[in-house]
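Comments concern the structure below.
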There are 2 protein chains.
Amino acid sequence: MSVTIIDIAKDSNTSKSTVSRYLNGSKVKPVAAKAIEASIKKLDYHQNVNAKRLVTQKSHTIGVILDDISNVYFSEILSGIQSVAGNQGYVSTFYSRASDHKRETDFLSLFREGHIDGLILGTFQKRTPQELEIIAKSEFPIVLIGDNCGSNRINSVDVDNKQGTMDEVEYLYNHGHRKIAYLRGPLKISGAEFRAQGFIEGMHKHGLDSSLILDIEWTVDGGHNAALQILQDASVTAIICSNDYCAYGALNACRQSGLRVPEDISIVAFDDGPLAKFSIPALTTVKQPFKQLGETAARQLIGMIQEESPVKASILLQSQFIVRASSGAAPAQTNLENKGETYGS
Amino acid sequence: MSVTIIDIAKDSNTSKSTVSRYLNGSKVKPVAAKAIEASIKKLDYHQNVNAKRLVTQKSHTIGVILDDISNVYFSEILSGIQSVAGNQGYVSTFYSRASDHKRETDFLSLFREGHIDGLILGTFQKRTPQELEIIAKSEFPIVLIGDNCGSNRINSVDVDNKQGTMDEVEYLYNHGHRKIAYLRGPLKISGAEFRAQGFIEGMHKHGLDSSLILDIEWTVDGGHNAALQILQDASVTAIICSNDYCAYGALNACRQSGLRVPEDISIVAFDDGPLAKFSIPALTTVKQPFKQLGETAARQLIGMIQEESPVKASILLQSQFIVRASSGAAPAQTNLENKGETYGS
DNA sequence: GTGAAAGCGCTAACAA
DNA sequence: TTGTTAGCGCTTTCAC
């Protein structure tokens, strides 16, 4: 059918094995190498990866399973994975949970059937203990993107959501804010939980009340409604929104209530999506290193595959706090109010 | 090493080929089937896809090459591809141009090396004639997402950008707008060109002047600056923005200029990104069927792979015009003005 | 360094 | 229907 190494061997007066060695970088006499090279060009030879995979028992493929491909941020993660995988001679194949009608843990058969050498499991949802256990027990190279729920037997990469939010609290505190509200995202998403912890811990660090927390969906509407409610209390000088979307909603609510941002109230967000710097006013927010998340996971995974090293690591990537126009110093009157309270106690 | 069909054959007192037949759905005596089934369970057999690929010369893999994975909309396309590919027993593997240091047209070797059975090439940029020629001449199943530059020898799927924009012109015309400005996107992006054609054609259809076109980058800033310029001319009653981003910029420019949207001026956009319905005012825009784009391409590709049919088709998917708050009737005074001009001429 | 030979796990004639 | 046999195209001992 197609040109094989046997054809090359014949044409170059060598043998199958010599051609194979040449192709794989083993020592071959220069004369032979020249001849083989010429034959390959002449006959337009292309290796058959499936034959190679069969005999080497390696697919040089890394599998990627993401909960929801269509999520905006996943595409950046994917791009990061792709980039390092490509450089290391791996291709990445995509499996979505949704279209896979089999049971959840069928990712193990991807290994057994020879589809993949390693797997990146990405999710923003919390994983079940059972699933975590399967991953931990399996002898296959798997890296989790997201929360590993404290299991030190699972390799994982995540963004330091907690620290990101603590940075925001710190910033607001330094700008005189004392009464700060928090819009907490859905608790089934692990990042939302860590962010909320960051809020609570950051507030406590300065002896501030962290009870002004509203639970919302991560939508513009969710942020809008919650902010409207918060704004009833005129003493609140800042709202920390747990993602960009709800911050847009909060921004709208402020405008609707006749409040100026940031003069009357500060709004800070989380994510730094593509529109964050263009909203009016531009959003102060925390940038998540999505691409780096993918790159790191891929690098870690390929390390596991190649060295077969059983070293487990949980990597936490730092986010970046970006100050823009939606936040600033707490309004003077409220500062006085707060000072008064402080004196009184 | 691992359990093979030979092991199953021995354990079930049948032969290799019978097991293979059972596995592939050929007729096998019920007794044998039962025995084989039991052995498979007992020995925990998993097929080796690479052996199968080697002998059948089919990878059941479709390759996807997108110009820029991290583009927000590509993730939806990808999700569409994934969804139909998965249902048809195909996996999708991802190759990005960027990380591939080889020459552009190396996608052909993906076929020759047995990586893929078919390829989806997605790009919003215009392809070069040389590349188009390579695709057209190749005997491999390839579907293009985007502009096929009129080549009827290439299977392709695209959004009907022109019609989408014509719908907008039609709508504005019916609402009394006569002087309409257009923010044209980068011409290297084929969709931008078709949209602009739709504007020109739509305007001409009603005998309107289509010369008020400004070239911009598809960014919020780009839209902002261009709109500021357009607003100098108070007789303009509507701006058609060629994507959502620049529409946000135009919205900001209007606010900054003290113009009310839609009372004083109508803004319409293109894309219907995730924030379109939440901006203030919510954007009237054209929704692109990205997921369907991916689904259609995948279906078409799998059709080519399986039937080997040489039928070439260019599919144009309809966009959906969505009216929201950023557009409305042309302001009365300007209508009068226009009427005056009409009478005078 | 090189060639001969064995075999990776599977499918697909072919004959029974 | 089934088993036997011959490969698919490659890597990898092993002896030279």
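Convention: sequence-line order gives letters A, B, ...; per-chain numbering from 1.
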Selection residues 10-24 of chain A - residue pairs positive for salt bridge (charged side-chain N to carboxylate O under 4.0 Å, His left out), sequence neighbours left out
D11(A)-K42(A)
Under the criterion side chain to side chain donor-acceptor pair (under 3.5 Å), I'd like the reasoning laid out for T93(B) against T93(A): C-alpha separation, chi angles, the key distance, then a yes or no.
CA-CA 4 Å; T93(B) 297; T93(A) 296; 2.7 Å; yes
Sorted by chain and residue number, the side-chain contact (heavy atoms from CB on, under 4.5 Å) partners of A35(A) (sequence neighbours excluded) come out as S12(A)
Would you kindly give the NZ-to-P distance between K10(B) and dC10(C), to the nearest whole Å?
13 Å
Round to a whole Å and report the spacing from CD1 of I40(A) to P of dG9(D).
16 Å
Only counting residues at least two apart or in another chain, list the ones meeting salt bridge (Lys or Arg N to Asp or Glu O under 4.0 Å) with E193(A).
K126(A)
Starting at atom CD of E113(A), determine the distance to atom P of dC10(C), rounded to an integer number of angstrom.
10 Å
Separation of dT2(C) atom P from N13(A) atom CG, nearest Å, is 13 Å
Whole-Å distance separating the CD1 atom of I36(A) from the C1' atom of dC10(D)
15 Å
Between P on dC10(C) and CZ on R53(B), what's the gap in Å once rounded to a whole number?
13 Å
Which of these, I62(A), I305(A), T61(A), sits in a side chain to side chain contact (heavy atoms under 4.5 Å, CB included) with D117(A)?
I305(A)
Interatomic distance where CG belongs to L54(B) and P belongs to dC10(D) [whole Å]
9 Å
Protein heavy-atom contacts under 4.0 Å, written 5' to 3' over nucleotides 11-16 of chain D as B (base), S (sugar-phosphate only) or - (none), form the string BBB---
How large an angle, rounded to 10°, do the end axes of the helix from dG1(C)-dC16(D) to dA16(C)-dT1(D) enclose when each is built from five base pairs?
30°
What pairs of residues pass the salt bridge (charged side-chain N to carboxylate O under 4.0 Å, His left out) test when at least one of them lies in residues 142-156 of chain A, not counting sequence neighbours?
E133(A)-R153(A)
Any side-chain N or O of Y45(A) below 4.0 angstrom from OP1/OP2 of dC10(D)?
yes
Residue pairs fulfilling ring pair (Phe, Tyr, Trp, His ring centres under 6.0 Å) with at least one residue in residues 17-44 of chain B, sequence neighbours excluded:
none
Under the rule for ring pair (Phe, Tyr, Trp, His ring centres under 6.0 Å), what residues qualify as partners of Y90(B), not counting sequence neighbours?
H60(B)
Please confirm whether the shortest side-chain N or O distance from T4(B) to OP1 or OP2 of dC8(C) is below 4.0 Å.
no
Return each pair, listed once, that meets ring pair (Phe, Tyr, Trp, His ring centres under 6.0 Å) where at least one residue sits in residues 113-154 of chain A; pairs must be two or more places apart or across chains.
F74(A)-F124(A), F111(A)-F140(A)
Base, sugar-phosphate, or nothing: which does T14(A) touch, judged by heavy atoms less than 4.0 Å apart?
sugar-phosphate
Spacing between I6(B) atom CD1 and dA6(D) atom C1', to the nearest angstrom:
13 Å
